[in-house]
Number of protein chains: 2
Amino acid sequence: MDITLAALAGRWTPLVLREFLRRGQATYSELSAALPALSDKVLSDRLAQLTGAGVIERHRTPGWPPRVRYTLTPQGRALEPVVRSMWEWGTTQRQDTHGQSPDPSNTF
Amino acid sequence: MDITLAALAGRWTPLVLREFLRRGQATYSELSAALPALSDKVLSDRLAQLTGAGVIERHRTPGWPPRVRYTLTPQGRALEPVVRSMWEWGTTQRQDTHGQSPDPSNTF
DNA sequence: CTGTATCCTGAACGATACTG
DNA sequence: CAGTATCGTTCAGGATACAG
């Protein structure tokens with residue numbers, strides 16, 4: 001649990017992870033564009049966190065300008081059931097607490 | 001996801017939650033005894049956090065000495081699949097990373 | 001383009017003392 | 001028994017400037 005929480009915890013982590021689960025891969029600038037409010041430092045932090053957790057992999061392509069591609073690993077894809085179960089619990093929680101109707105699109 | 005993460009995040013939260021998933025209920029002093037390194041303040045924080053998240057409920061029984069019983073709610077019990085999926089992902093992760101053999105007791 | 005270095009602020013944590 | 005009050009420390013997050 002601590003390992004999984006460490007992989008998912010932190011501000012922006014769910015949103016960054018969502019981008020990867022949607023795209024399978026992304027570049028630094030793509031993520032920066034998709035999440036404009038996310039500062040450079042924190043984006044670097046999150047990419048390092050997810051890389052260290054084995055969720056994504058860093059691929060440098062040589063040449064200029066430098067281009068780095070982050071790809072979802074098999075272990076990152078294995079996170080999908082975890083994300084879904086968390087999404088489902090949080091959704092019923094919000095309904096119970098605020099009395100809202102369910103949203104059929106489960107894209108966390 | 002943010003809702004679920006907010007319910008589970010924070011130091012000691014997984015261990016406190018485990019006590020509730022095991023026992024179904026607990027008193028302040030039981031938790032304090034089960035987790036000696038956990039300070040009063042943080043235990044209060046965690047109980048308030050879990051209560052606010054709808055995971056547990058606070059029941060005051062009148063009289064002296066004051067006795068408070070915290071019980072797992074149905075929504076708290078619904079957290080079990082989430083915990084299990086997180087436990088499973090973290091376990092395979094640790095094996096992959098450190099090359100250890102699996103532990104058959106899945107008590108996170 | 002893809003980051004790192006630096007500094008600052010606010011929140012979380014932990015220890016201790018005290019209360020209904 | 002079951003907490004709250006207070007205080008000091010540590011740490012994550014955010015802004016800005018700079019670098020390979």
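Convention: sequence-line order gives letters A, B, ...; per-chain numbering from 1.
Each of A:Asp45 and A:Pro66 has a nearest nucleotide on DNA chain D; the 5'-most of these lies closest to A:Asp45.
The nearest whole Å value for the distance from the CG atom in B:Leu50 to the P atom in D:dG3 is 13 Å. Distance B:Leu47 CG to C:dC13 C1': 16 Å, rounded to the nearest Å. Following rounding to the nearest Å, A:Leu43 (CG) and D:dT16 (C1') show an atom-to-atom distance of 16 Å. We find that CG of B:Leu38 is positioned 14 Å from C1' of D:dA2, with the value rounded to whole Å. Summarising the geometry, the separation between CZ on B:Arg58 and P on D:dC1 is reported as 16 Å, rounded to the nearest angstrom. In this structure, the CG atom of B:Leu15 is 13 Å from the P atom of C:dC13, given to the nearest Å. Here the P atom of nucleotide D:dA12 and the NZ atom of A:Lys41 are 9 Å apart, to the nearest Å. Going from atom CG of A:Leu35 over to atom C1' of D:dG14 covers 15 Å, rounded to whole Å.
Within the structure, a side-chain polar atom (N or O) of B:Ser44 is placed less than 4.0 Å from OP1 or OP2 of D:dT4. The shortest distance between the side-chain N/O atoms of A:Arg11 and the OP1/OP2 oxygens of D:dG14 is below 4.0 Å. Using a 4.0 Å cut-off, some side-chain N or O of B:Tyr70 falls inside it from OP1 or OP2 of D:dG3. Within the structure, a side-chain polar atom (N or O) of A:Trp12 is placed less than 4.0 Å from OP1 or OP2 of D:dG14. For the pair A:Ser39 and D:dG13, the criterion of a side-chain N or O lying under 4.0 Å from OP1 or OP2 is not met. Regarding contacts with the backbone of D:dG13, a side-chain N or O of A:Arg46 is found under 4.0 angstrom from either OP1 or OP2.
Here B:Thr4 contributes atom OG1 and A:Glu88 contributes atom CD; the two are 10.0 Å apart, rounded to the nearest 0.5 Å.
Counting non-hydrogen atoms under 4.0 angstrom, B:Ser32 reaches nothing in the nucleic acid.
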Practice task
Walk me through it: do B:Thr61 and B:Arg67 pass the test side chain to side chain donor-acceptor pair (under 3.5 Å)?
Solution key: CA-CA 6 Å; B:Thr61 74; B:Arg67 205 145 242 283; over 6 Å; no
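Comment: A:Glu57 does not engage A:Arg69 in a salt bridge, judged by the lack of any side-chain N to carboxylate O separation of less than 4.0 angstrom.
Listed for the B:Gln49 side chain is a donor-acceptor partner under 3.5 Å among the backbone atoms of B:Ala7.
The closest side-chain donor-acceptor pair between B:Arg58 and B:Thr51, if any, does not fall under 3.5 angstrom.
Each of C:dT4, C:dC13, D:dG20 was ranked by its minimum atom distance to the side chain of A:Asp40; first place goes to C:dT4. The listed nucleotides are D:dA2, C:dT2, D:dG20; the one nearest the side chain of A:Trp64 is D:dG20.
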